[in-house]
Number of protein chains: 2
Amino acid sequence: MKTALALFARNGIHATGIDTIVEQSGVTKKTLYAHFRSKEELVLAVLRQYDGLARNEFMRRVERGGETPRGRLLAVFDFAERWFQQNDFYGCLFINTIGEYSSKDTPIRQICQEYKKLVKGYIQELCVEAGASDPQSLAEELALLLEGATVTAQISQSPKIAKTAKRAAKALIDKATA
Amino acid sequence: MKTALALFARNGIHATGIDTIVEQSGVTKKTLYAHFRSKEELVLAVLRQYDGLARNEFMRRVERGGETPRGRLLAVFDFAERWFQQNDFYGCLFINTIGEYSSKDTPIRQICQEYKKLVKGYIQELCVEAGASDPQSLAEELALLLEGATVTAQISQSPKIAKTAKRAAKALIDKATA
DNA sequence: CTTTAAGTATACAGAATGGTATACATTATA
DNA sequence: TATAATGTATACCATTCTGTATACTTAAAG
């Protein structure tokens, strides 16, 4: 049900009408509004669900992608490359959503902020394990590379930018763990 | 006239109705449609105009911001910090727009792609001047940091991330010009 | 002075928006 | 078997969307 509602990812939230969701999901409008009181609540539910799924998948792949802490940090960008290669990759849902909601106090924004904070926190843990002299700074830098690679892959439609990010990440990690 | 139409930047394109634009700009609907045949044409015109302005401003500030090529490369991130601090900063218009238009062949996407390509090209010129061993790679890496800082500043609402990006940039530049 | 261009004001058309209501089918529990 | 919950199908409402048309004002150019 919610699954079909990832139309949001492709077309954006404002551009996706309730009717389209109803039509494509096979669910009836009545049922939809029985579960979610409004479109905003539906959006929130979708974002929250995706938040959990995406972070889980991210951590799982990173964990498997490297033996050493340093290897896991670099695996972040291997994960990114695979992500960018998916044919339903339309950039980061949270970044795209933030672009549609500028109001500072909407709960939608909060979810997006929270997601990014948690991802950065996870990267920071890896930095600690890798023995970085200043884990927080390194984590910020690597998160920057990841965000940058994500939007660049989205715009330029070329997943290979992940390799560039990985190369830069390597340099920054080496410098921070010298 | 077009100036008032930068409602797009704040609220996104799909969320901004023609009526709102007409109302806030003082221009009449008739006149608007005399200049632009459709909303899409208006969007294109706005993006194109902003493309020119933004790139100009960017290059001007970078040029003034540093004496040496290396200094100008770093000035990119000083520019970014000032940009992030503006109270009408809602992230990069082109990134936000791409998030709303996934269709590969819309001219709107092309403008966004072109903008990013030109900015990267300019950074690459600076990298050449700075004597980088592989200017293209360095430019890609620095562009990544800039994009990352932009979306991070937008989401976290804290302009200081520009300093983080600058620090990382310094490390990457040093490595590439050793 | 008159004509022509371009503006304002406003009403309207047709479709799509978010959201509600009615009528009927299914199913699980009491 | 009766009841209550949950789903489907569909029609509908008020509003807003993009885009057009009509009528009146202005102002510059011939």
Side-chain angles (χ1 to χ4, degrees), chain A residues 1-50 90 93-94 96-112, chain B residues 1-50 90 93-94 96-112:
Chain A
M1 171 148 59
K2 289 178 191 175
T3 64
L5 311 186
L7 287 154
F8 289 152
R10 176 155 66 238
N11 300 323
I13 294 175
H14 286 112
T16 305
I18 294 283
D19 289 353
T20 313
I21 297 171
V22 163
E23 194 180 329
Q24 300 224 7
S25 68
V27 150
T28 227
K29 234 183 199 180
K30 176 102 187 275
T31 339
L32 201 164
Y33 276 97
H35 288 287
F36 313 101
R37 242 174 294 178
S38 66
K39 182 181 181 180
E40 173 155 344
E41 250 186 50
L42 169 63
V43 171
L44 286 171
V46 169
L47 288 179
R48 269 193 264 264
Q49 179 192 259
Y50 180 76
Y90 299 106
L93 175 60
F94 299 103
N96 293 345
T97 301
I98 281 277
E100 294 196 63
Y101 292 88
S102 66
S103 163
K104 288 191 202 332
D105 56 350
T106 172
I108 293 180
R109 264 194 89 92
Q110 288 178 3
I111 295 183
C112 298
Chain B
M1 174 147 61
K2 289 180 194 173
T3 64
L5 310 187
L7 287 154
F8 290 150
R10 177 155 65 237
N11 300 323
I13 293 175
H14 286 113
T16 305
I18 292 285
D19 288 353
T20 313
I21 297 172
V22 162
E23 196 180 328
Q24 299 224 9
S25 68
V27 149
T28 227
K29 231 185 206 181
K30 177 101 187 277
T31 340
L32 201 163
Y33 276 96
H35 288 286
F36 313 101
R37 241 172 293 178
S38 66
K39 183 180 182 181
E40 173 155 342
E41 250 186 49
L42 169 63
V43 171
L44 285 171
V46 169
L47 288 179
R48 269 193 263 264
Q49 180 192 256
Y50 181 76
Y90 299 105
L93 175 59
F94 299 104
N96 294 345
T97 301
I98 281 278
E100 293 195 65
Y101 291 88
S102 66
S103 163
K104 288 192 203 330
D105 55 351
T106 171
I108 293 180
R109 264 193 89 93
Q110 288 178 4
I111 294 183
C112 298

Inset, instruction - Report yes if a side-chain nitrogen or oxygen of A:Thr28 is closer than 4.0 Å to either non-bridging phosphate oxygen (OP1 or OP2) of D:dT10; otherwise report no. - result: no

Inset, instruction - Look at A:His35 and D:dT6 and indicate whether a side-chain polar atom (N or O) is within less than 4.0 Å of OP1 or OP2. - result: no

Legend entry - Side chain to side chain, B:Phe94 and B:Ile98, heavy atoms closer than 4.5 Å: no

Inset, instruction - Using heavy atoms to find the nearest nucleotide of DNA chain C for B:Gly26 and A:Lys29 separately, return the residue whose nucleotide is more 5′. - result: B:Gly26

Inset, instruction - Specify the residue among A:Thr20 and A:Lys30 whose closest nucleotide of DNA chain C lies further upstream toward the 5′ end. - result: A:Thr20

Residue [X], side-chain atoms from C-beta onward, closest of [options]:
X       : options               : answer
B:Asp19 : D:dA23, D:dT8, D:dT18 : D:dT18
B:Ile18 : C:dT8, D:dT8, D:dT18  : D:dT18
A:Lys39 : D:dG7, C:dG19, C:dG7  : C:dG19
B:Tyr33 : C:dG19, D:dG7, D:dT18 : D:dT18
A:Ser38 : C:dG19, C:dA23, C:dT8 : C:dG19

Atom-pair distance ([atom1] on [X]; [atom2] on [N]), nearest Å:
X       : N      : atom1 : atom2 : answer
B:Glu41 : D:dT18 : CD    : P     : 15 Å
B:Leu32 : D:dC17 : CG    : P     : 14 Å
A:Glu40 : C:dG19 : CD    : C1'   : 15 Å
A:Glu23 : C:dT17 : CD    : C1'   : 14 Å
B:Leu42 : D:dC17 : CG    : P     : 15 Å

Legend entry - For DNA chain D, the residues among residues 10-17 of chain B that have a non-hydrogen atom under 4.0 Å from it: B:Thr16, B:Gly17

Inset, instruction - With sequence neighbours excluded, tell me which residues meet side-chain contact (heavy atoms from CB on, under 4.5 Å) with B:Thr16. - result: B:Leu7, B:Phe8, B:Asn11, B:Ile21

Measure from the side-chain N and O atoms of [X] to the backbone N and O of [Y], and report whether any donor-acceptor pair falls under 3.5 Å.
X        : Y        : value
B:Glu100 : B:Gly12  : no
B:Lys29  : B:Ile18  : no
B:Thr106 : B:Ile108 : yes

Inset, instruction - Kindly determine whether B:Leu42 and B:His35 satisfy side-chain contact (heavy atoms from CB on, under 4.5 Å), including the steps that lead there. - result: CA-CA 8 Å; B:Leu42 169 63; B:His35 288 286; over 6 Å; no

Inset, instruction - Determine, step by step, whether A:His14 and A:Tyr101 satisfy the side-chain contact (heavy atoms from CB on, under 4.5 Å) criterion, reporting the C-alpha distance in whole Å, the side-chain angles of both residues, the deciding distance to 0.1 Å, and the verdict. - result: CA-CA 10 Å; A:His14 286 112; A:Tyr101 292 88; 3.9 Å; yes

